Amino acid sequence: MSGGKKRLAILISGTGTNMTAIIEAAESGVLDAEAAVVISDNPNAKGLARAVKMGYETIACPYAKGLPREENEKAVIKAIKERDIDWIVLAGFMRVLSPSFVKEFRGRIVNIHPALLPAFPGARAIRDAIEAGAEVTGVTIHIVDELVDHGPIIAQREVPILPGDTEETLAMRIHETEHELYPRMLQELINEDV
Ligand code: GRF
């Protein structure tokens, strides 16, 4: 682990708006860290192109169908280990990490989830909250353990579900909350980091 600015590996699968918020916070000095690498299982992730445009190193580690997770994760683990990474930041990374990956980097993997865990885990959390008729959902940031969307919670913020909300309108408000909360909580983790 490095002594100066904390080095982040940001793992994405999609648009990477949280990744962008984290990078912008790091660039403006609000977050005392640097995005050492952006890794995606999806070579076509919009966020990868965005990271390249912003001048960051990106690596695509496509997962081969039929291979065990541990095999698919080898390239990701190698990329992380080669770069002296302090924190692995999951930002819309749509793969469940294997227990051996979690063990390798225990306590150094952070995730953001668009619901108030333990409510609505899984990939459809925003839709599930609406369909369940919930009046409030939110955002959770947590340390990753072996279970899906599970592990010690660092922060949660409520986001009300308004009458007439669609998945899109609610997602927009959840994302706004995420973009403010994630960089701030990463800074808190870094402050406590020794
Ligand atoms: C976010 O809603 C995050 O909570 C979830 O995946 C989404 C990623 O969005 N894990 P983006 O790629 O950061 O725009």
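As the structure lists them, so they are numbered: ligands from 1, and atoms in each ligand from 1. Only a predicted model underlies this, so the values are computations on that prediction, with no experimental measurement involved.
With ligand atoms numbered from 1 in the order given, ligand 1 contributes 11 (P), 12 (O), 13 (O), 14 (O) to contacts under 4.0 Å with heavy atoms of Thr17. For ligand 1, the atoms sitting less than 4.0 Å from at least one non-hydrogen atom of His175 are 1 (C), 2 (O), 9 (O), numbered in the order shown with element in parentheses.
Taking atom 6 (O) of ligand 1 as the reference point, the nearest protein heavy-atom neighbour is Gly92 CA, 3.4 Å. Nearest protein heavy-atom contact of atom 12 (O) of ligand 1 is Gly16 N, 2.8 Å. In this structure, the protein non-hydrogen atom closest to atom 10 (N) of ligand 1 is Ile112 O, 2.9 Å. Among all protein heavy atoms, the one lying closest to atom 1 (C) of ligand 1 is Glu178 OE1, 3.2 Å.
Under 4.0 Å is where a charged nitrogen must lie from a carboxylate oxygen, and between Arg95 and Glu73 no such pair does. Of the charged side-chain nitrogens involved, none lies within less than 4.0 Å of a carboxylate oxygen, so that Lys6 and Asp84 do not count as a salt-bridged pair. Here Glu176 does not pair with Arg157 in a salt bridge; the nearest charged N to carboxylate O distance is not below 4.0 Å.
Val136 belongs to a hydrophobic cluster with Leu116, counting contacts under 4.5 Å between side-chain heavy atoms of Ile, Leu, Val, Met, Phe, Trp and Tyr, direct or through other members.
Under 4.0 angstrom from ligand 1, the non-hydrogen atoms of His113 all belong to its backbone.
Counting only N and O atoms by type, the side chains of Thr15 and Thr17 include no donor and acceptor under 3.5 Å apart.
Annotation: ring pair (Phe, Tyr, Trp, His ring centres under 6.0 Å) contacts of Phe101 (sequence neighbours excluded): Phe105.
Not a single heavy atom of Lys46 sits under 4.0 Å from any atom of ligand 1.
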